[in-house]
Amino acid sequence: MTIPAAIAHTTFIGERPNGDRFEITLQIGQPYQYGPEEWACPIALAGLYEKLSDIHGGDAIQALCLAIRFALNLLSYFKEDGGRVLYSSGEDVLLEVYGFESLRQQPAP
């Protein structure tokens, strides 16, 4: 799936455990008001998922941050299952450089 008016996007190379490579395109759409006190943010992770539901939050910033965190968690799960996420140069992508750590990496309160 492609988001027609994405506000941010990037492309990585995915590598499955068997060595097959494919393109992963991450797109984040513009948050929109969903209800009186609810916002949603479109997200796409083409190459890994056909269609993802919009991510909801209490305001536009929260919906945007949650959408980005969700995308990074999905990429983390792919890596945990033996896949690799690479830049076009072939270097491994360190998801931490995108400012959020996976929720699974955070210690329980």
Can you check side-chain contact (heavy atoms from CB on, under 4.5 Å) on T25 and F12, steps first, answer last?
CA-CA 6 Å; T25 302; F12 301 120; over 6 Å; no
Run I13 and V93 through side-chain contact (heavy atoms from CB on, under 4.5 Å) and show every step you take.
CA-CA 9 Å; I13 304 299; V93 173; over 6 Å; no
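Side chain of E91 to backbone of Y87: no donor-acceptor contact under 3.5 angstrom is found. Checked by atom type and distance alone, the side chain of Q33 pairs as donor or acceptor with a backbone atom of P36 at under 3.5 Å. Remark: the backbone N or O of R21 is not paired with any side-chain donor or acceptor of E15 at under 3.5 angstrom.
Looking at every heavy atom in both residues, P17 comes nearest to G83 through CG-N, 4.1 Å. H56 approaches L66 most closely through the heavy-atom pair O-CD1, 3.5 Å. What you find for A71 and L45 is that their closest heavy atoms are O-CD2, 4.1 Å. Considering all non-hydrogen atoms of both residues, P42 and D54 come closest at CA-OD1, 3.3 Å. In this structure, I55 and A63 approach most closely via the heavy-atom pair O-CB, 3.8 Å. Residue I43 comes nearest to A67 through the heavy atom pair CD1-O, 3.1 Å, listed as atom of the first residue, atom of the second, then distance.
Note: the hydrophobic cluster containing L86 does not contain L94 (ILVMFWY, side chain heavy atoms under 4.5 Å, direct or indirect links). Cluster membership check: Y34 does not share its hydrophobic cluster with I68, using side-chain heavy-atom separations under 4.5 Å among Ile, Leu, Val, Met, Phe, Trp and Tyr.
Taken to the nearest 0.5 Å, the CD atom of E80 stands 9.0 Å off from the CG atom of N73. Separating the CG atom in L48 from the OH atom in Y77 is a distance of 13.5 Å, to the nearest 0.5 Å. Atom CD1 in I28 sits 10.5 Å away from atom CZ in F70 (nearest 0.5 Å). Annotation: the span from I7 atom CD1 to Q27 atom CD amounts to 11.0 Å, rounded to 0.5 Å. Summarising the geometry, atom OH belonging to Y49 is positioned 9.0 Å from atom CZ belonging to F78; distances are rounded to the nearest 0.5 Å. Summarising the geometry, atom CD1 belonging to I24 is positioned 10.5 Å from atom CG belonging to L74; distances are rounded to the nearest 0.5 Å.
Annotation for I61: atom CD1 does not count as buried by contact number, only 12 or fewer foreign heavy atoms lying within 6.0 Å. More than 12 non-hydrogen atoms from other residues, nucleotides or ligands lie less than 6.0 angstrom from OH of Y32. Within a 6.0 Å sphere centred on CD of Q30, other residues, nucleotides and ligands contribute 12 heavy atoms or fewer.
The closest side-chain heavy-atom distance from H9 to L26 is not below 4.5 Å. For the pair D59 and E38, the minimum side-chain heavy-atom distance is 4.5 Å or more.
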